[in-house]
Undergrad: 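Take a look at the following structure, please.
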Amino acid sequence: MTTTTVSPVLLLTAVVRRVERLSPSFVRIRFGGSGFEHVGPEGPTLDQRIKLLIPAPGRPAPSALLHPEGWYAAWLALPEADRGHLRTYTARAVEGEGDDRHLVVDFVLHGHGPRDAAGAAAGPAGTWAAGAAVGDEIGLLAPRRGQERAFGGIEFDPGTARRLVLVADETALPALASIVESLPAGTRGVAVVEVPDATDFLDVRFPPGIERHWIARGTRPRGEQTLALLRACLGLQPDERAVADVAGLGPGVDLDEDVWETPVHSSSGAEITTVSSAPVRADVRETYAWVAGDSDTVKACRRLLVGEGGMDRPQVAFMGYWKQGRAS
Ligand SMILES: Cc1cc2nc3c(=O)[nH]c(=O)nc-3n(C[C@H](O)[C@H](O)[C@H](O)COP(=O)(O)OP(=O)(O)OC[C@H]3O[C@@H](n4cnc5c(N)ncnc54)[C@H](O)[C@@H]3O)c2cc1C
């Protein structure tokens with residue numbers, strides 16, 4: 001008897017079906033196309049990550065040249081003119097059935113927003129999204145429906161925690177939004193979301209027990225207000241130090257450049273063990289923290305929560321989604 005195994009990785013050409021400008025900094029794009037009836041995840045998308053293959057200008061989506069098995073090596077082997085750019089995004093939602101099944105992605109238009117000066121940091125993905133029109137095509141790597149576990153890419157895992165601390169910048173807002181919209185009505189906790197402008201406070205359905213804090217960054221340094229608010233939420237004394245200074249300080253194992261530390265994985269290779277022996281409040285012991293956004297702010301939040309806040313590393317997920325001055 002022979003059995004055929006189907007790859008949990010779905011490699012598709014994603015066709016833009018709808019473009020919706022949500023706010024000055026965000027555009028929502030609905031993708032569909034051949035094979036989309038198989039796109040997962042089934043159920044809440046949470047922080048499900050996906051990969052987008054952004055075509056080089058004037059070239060077709062490179063997905064047609066690849067196969068799900070060994071796609072990365074094959075993609076790297078493509079001539080540079082055909083390769084385009086590989087970027088990580090979040091499945092904000094997967095909707096519909098059959099030919100009407102769509103994947104929803106919310107793109108930050110960094111470098112293209114009204115507050116961005118000419119020459120502000122832009123990249124191929126944000127630039128593509130800023131100009132996307134119905135019918136445009138890109139490559140997509142997403143979980144096959146029903147095989148999400150084998151594909152991986154969902155980090156949110158609060159276990160039996162009784163209180164949540166959720167922190168996001170604009171790039172992690174799609175994930176945070178999807179997470180909070182999936183939570184049971186009785187969930188307790190706090191959500192801190194920092195976006196470029198008050199007009200970017202998107203329509204997100206929070207459960208009533210989640211205390212929500214929207215922060216408009218404006219001209220203030222990235223992450224500054226997030227850290228101050230987090231300190232206040234944890235009952236800690238104010239601290240005037242800059243985010244970059246806090247990020248480089250403090251106890252615990254240093255995170256590497258990529259800042260990815262969850263209860264089951266650390267990008268620094270450090271062992272995830274319980275490190276705090278200090279007495280901490282019961283509500284801290286029962287808390288799970290999910291923090292995602294720019295690497296410096298994420299690092300600084302980690303210093304705060306695991307250092308002064310007294311949380312243990314198995315209670316936290318810290319994820320640098322991008323780094324200032326560095327292409328992904
Ligand atoms: C798991 C995961 C999920 C993500 N989900 C989303 C999502 O749903 N939506 C989303 O918009 N992004 C998301 N991101 C972030 C996204 O991958 C990065 O912002 C990425 O750098 C964008 O690619 P790019 O080609 O536009 O810019 P790049 O070529 O990677 O970078 C070019 C320049 O722009 C800067 N830059 C990159 N992003 C920003 C930004 N947001 N603001 C200001 N400067 C920036 C870089 O530092 C660099 O200097 C996610 C990242 C990860 C790891």
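None of these values were measured; they are calculated from a predicted model. Note that ligands are numbered from 1 as they come in the structure, with each ligand's atoms numbered from 1 the same way.
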Undergrad: Can you pull out the closest protein heavy atom to atom 21 (O) of ligand 1? Residue, atom name and distance to 0.1 Å, please.
TA: S328 OG, 2.8 Å
Undergrad: Measuring from atom 11 (O) of ligand 1, which candidate in V27, D294, V108 has the nearest non-hydrogen atom?
TA: V108
Undergrad: Does an N or O from D106, backbone or side chain, lie closer than 3.5 Å to an N or O of ligand 1?
TA: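 Yes; the residue has a nitrogen or oxygen that sits under 3.5 Å from a nitrogen or oxygen of the ligand.
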Undergrad: Which atoms of ligand 1 have any heavy atom of A125 under 4.0 Å away?
TA: 23 (O), 24 (P), 25 (O), 26 (O)
Undergrad: Who's the nearest protein heavy-atom neighbour of atom 29 (O) of ligand 1, and how far?
TA: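 Looking at atom 29 (O) of ligand 1, the protein heavy atom closest to it is R87 NH2, 2.9 Å.
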Undergrad: Given the side-chain rings of F107 and Y89, with only the six-membered ring counted for Trp, is the space between their centroids under 6.0 Å?
TA: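 Judged by ring-centre distance (under 6.0 Å), F107 and Y89 do meet the cut-off.
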Undergrad: When you measure from the side chain of H102 to the backbone of V94, do you find a donor-acceptor pair of N or O atoms at a distance under 3.5 Å?
TA: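 It does not hold such a pair.
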Undergrad: Any heavy atom of G111 closer to ligand 1 than 4.0 angstrom?
TA: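 So G111 does not count as touching ligand 1.
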Undergrad: Purely on distance, is any nitrogen or oxygen of E170 under 3.5 Å from one on ligand 1?
TA: no
Undergrad: Could you list which atoms of ligand 1 come closer than 4.0 Å to a heavy atom of G325?
TA: 47 (O), 49 (O)
Undergrad: State, without any angle test, whether W290 and D47 hold a side-chain donor-acceptor pair at a distance under 3.5 Å.
TA: yes
Undergrad: Evaluating non-hydrogen atoms only, which member of L173, T88, D47 is closest to atom 2 (C) of ligand 1?
TA: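 Selected option, by shortest heavy-atom distance: T88.
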Undergrad: Going by salt bridge (charged side-chain N to carboxylate O under 4.0 Å, His left out), E95 matches just one of R30, R28, R17, R18. Which one?
TA: R30
Undergrad: About how many Å separate CZ of R313 and CG of L305, when rounded to the nearest 0.5 Å?
TA: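 That separation rounds to 13.5 Å.
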Undergrad: Report the part of H110 in contact with ligand 1, treating N, CA, C, O as backbone and CB onward as side chain, heavy atoms under 4.0 Å; options are side chain, backbone, both, neither.
TA: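 Only the side chain of H110 comes within reach of ligand 1.
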Undergrad: Starting from I179, can I reach V104 by hopping between I/L/V/M/F/W/Y residues whose side chains sit under 4.5 Å apart?
TA: no
Undergrad: Quick one: does ligand 1 sit under 4.0 Å from the side chain of Y89, the backbone, both or neither, non-hydrogen atoms only?
TA: both
Undergrad: Kindly confirm or rule out an N or O of A327 lying under 3.5 angstrom from an N or O of ligand 1.
TA: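 No - when backbone and side-chain N and O of A327 are compared with those of ligand 1, no distance drops under 3.5 Å.
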Undergrad: Quick one: do V180 and F156 end up in the same hydrophobic cluster if we chain Ile, Leu, Val, Met, Phe, Trp and Tyr together by side-chain heavy atoms under 4.5 Å apart?
TA: yes
Undergrad: With a heavy-atom distance limit of 4.0 Å, tell me whether R326 approaches ligand 1 through its side chain, its backbone, both, or neither.
TA: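 Backbone only; the side chain of R326 stays clear of ligand 1.
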Undergrad: Give the contacting part of A175 toward ligand 1: side chain, backbone, both or neither, where contact means a heavy-atom distance below 4.0 Å.
TA: neither
Undergrad: Strictly distance-based, threshold 3.5 Å: is any side-chain N or O of T45 a donor or acceptor partner for the main-chain N or O of A91?
TA: yes
Undergrad: Report, in ascending order of atom number, the atoms of ligand 1 lying under 4.0 Å from any heavy atom of F107.
TA: 11 (O)
Undergrad: Should you measure from each heavy atom of K323, which atoms of ligand 1 turn up under 4.0 Å away?
TA: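 Per the distance check, 46 (C), 47 (O).
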Undergrad: What's the shortest distance from atom 44 (N) of ligand 1 to any protein heavy atom, and which residue and atom give it?
TA: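 It is W322 CZ3, 3.5 Å.
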Undergrad: Roughly how far apart are L202 CG and L176 CG, rounded to 0.5 Å?
TA: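 Going from CG on L202 over to CG on L176, the span is 11.0 Å.
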Undergrad: For G126 and ligand 1, does the shortest N/O to N/O distance drop below 3.5 Å?
TA: yes
Undergrad: Counting non-hydrogen protein atoms only, what is the nearest one to atom 6 (C) of ligand 1? Give residue, atom name and distance.
TA: T171 O, 3.3 Å
Undergrad: Can you find a side-chain donor-acceptor pair between W260 and E155 that sits under 3.5 Å?
TA: yes
Undergrad: Are a donor atom and an acceptor atom from the side chains of R87 and S328 found within less than 3.5 Å of each other?
TA: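 Result is no, nothing qualifies.
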